[in-house]
Amino acid sequence: RGNDTWEYDLVTQTLAKYVGAAGCGCSASCASSPPQPTGDGYGMAFASSTNRIILVGVDAANTWEYNPVAHSWTSYAVAPAGGARADFKLAYLESTGKILLYGGTLGGIVSGGTFEYDPVAHTWASYAPGTTPGVRAKYTMAYSPVEAKAYLVGGVDAASAQYNDIWSYDPVAHTWA
């Protein structure tokens, strides 16, 4: 089933399958299972500040959080500005406890925009730094705790031209360089 949740145990090296509430597992209306993701347009990140896995992009209006201890999903009716996004990545910003999302596609159109999700308050904030990576999708992104910055690498623009660059994001100052 497309929206079952599987967990891998590093100690026993085994997979365990968890389905939604009352075993519903495959229904989008199931309160504890997110809708079935399609394609590769969604993003996930682990938020150590809440010990939850954050899932964004499987539907237009929600941010999903997975509790690996209770094996349960919770949906919060909040999403980054603009609606359903695809072709983006998430990075957990250890220095602030937030999750970064940049650009992606909206309705198939490559966009820009800097967004941070607060997994404690369950809110999204939008930032408009003076310098940004521009409209961009299909990049990769990771956080470095040594520099306390996120790094965005590559991606494509609205004409599908590929970028071969690296941008750094300062989550305290909300700036790109």
Short side-chain donor-acceptor distance under 3.5 Å, [Y] and [X]:
X: Ser95; Y: Tyr143; value: yes
X: Ser168; Y: Trp176; value: no
X: Asp118; Y: Thr123; value: no

For the residue pair [X] and [Y], establish whether any side-chain heavy-atom pair is separated by less than 4.5 Å.
X: Thr50; Y: Val120; value: yes
X: Tyr169; Y: Met141; value: no
X: Glu94; Y: Pro145; value: yes
X: His174; Y: Glu116; value: yes
X: Pro129; Y: Thr114; value: yes
X: Thr131; Y: Trp167; value: yes

With Phe46, the side chain to side chain contact (heavy atoms under 4.5 Å, CB included) member among Ile99, Ile54, Asn51: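 Testing each of Ile99, Ile54, Asn51 against Phe46, the sole residue satisfying side chain to side chain contact (heavy atoms under 4.5 Å, CB included) is Asn51.
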Among Phe115, Tyr139, Phe88, find the one that has a side chain to side chain contact (heavy atoms under 4.5 Å, CB included) with Tyr102.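 The single option meeting the side chain to side chain contact (heavy atoms under 4.5 Å, CB included) with Tyr102 is Tyr139.
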Given a cutoff of under 4.5 Å between side-chain heavy atoms of I, L, V, M, F, W and Y, with clusters grown through shared members, what are the other residues clustered with Ile166?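 Tyr151, Val153, which link up through side-chain heavy atoms under 4.5 Å apart, make up the rest of the cluster.
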To check you understand the geometry: which heavy-atom pair defines the closest contact between Ala77 and Asn62, and what is its length?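 Heavy-atom minimum between the residues: CA-OD1, 3.4 Å.
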Exercise: identify the closest heavy-atom pair between Leu93 and Pro171: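 The pair with the smallest heavy-atom distance is CD1-CB, 3.6 Å.
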Whether Trp73 and Trp64 hold their rings parallel, tilted or perpendicular, with breakpoints at 30° and 60°: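 Trp73 and Trp64: perpendicular rings.
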Using a strict cut-off of less than 4.0 Å between a Lys/Arg side-chain nitrogen and an Asp/Glu carboxylate oxygen, indicate whether Arg136 and Asp165 qualify as a salt bridge.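 The answer is yes: the pair qualifies as a salt bridge.
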Should [X] and [Y] be counted in the same cluster of Ile, Leu, Val, Met, Phe, Trp and Tyr side chains packed under 4.5 Å apart?
X: Leu10; Y: Leu15; answer: yes
X: Leu100; Y: Tyr92; answer: yes
X: Tyr163; Y: Leu101; answer: no
X: Val156; Y: Leu152; answer: no

Do the side chain of [X] and the main chain of [Y] share a donor and acceptor less than 3.5 angstrom apart?
X: Ser111; Y: Val135; answer: no
X: Tyr76; Y: Pro119; answer: no
X: Asn67; Y: His71; answer: no
X: Arg85; Y: Gly103; answer: yes

Could you walk me through whether Glu65 and Leu55 pass the side chain to side chain contact (heavy atoms under 4.5 Å, CB included) check? CA-CA 6 Å; Glu65 292 186 6; Leu55 174 64; over 6 Å; no
Under the criterion side chain to side chain contact (heavy atoms under 4.5 Å, CB included), I'd like the reasoning laid out for Met44 against Tyr66: C-alpha separation, chi angles, the key distance, then a yes or no. CA-CA 10 Å; Met44 291 180 79; Tyr66 182 69; over 6 Å; no
Count the heavy atoms of every other residue, nucleotide or ligand shown that sit under 6.0 Å from CG of Asn164, and state whether that count exceeds 12.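 No, CG of Asn164 has 12 or fewer neighbouring heavy atoms, counting only those of other groups under 6.0 Å.
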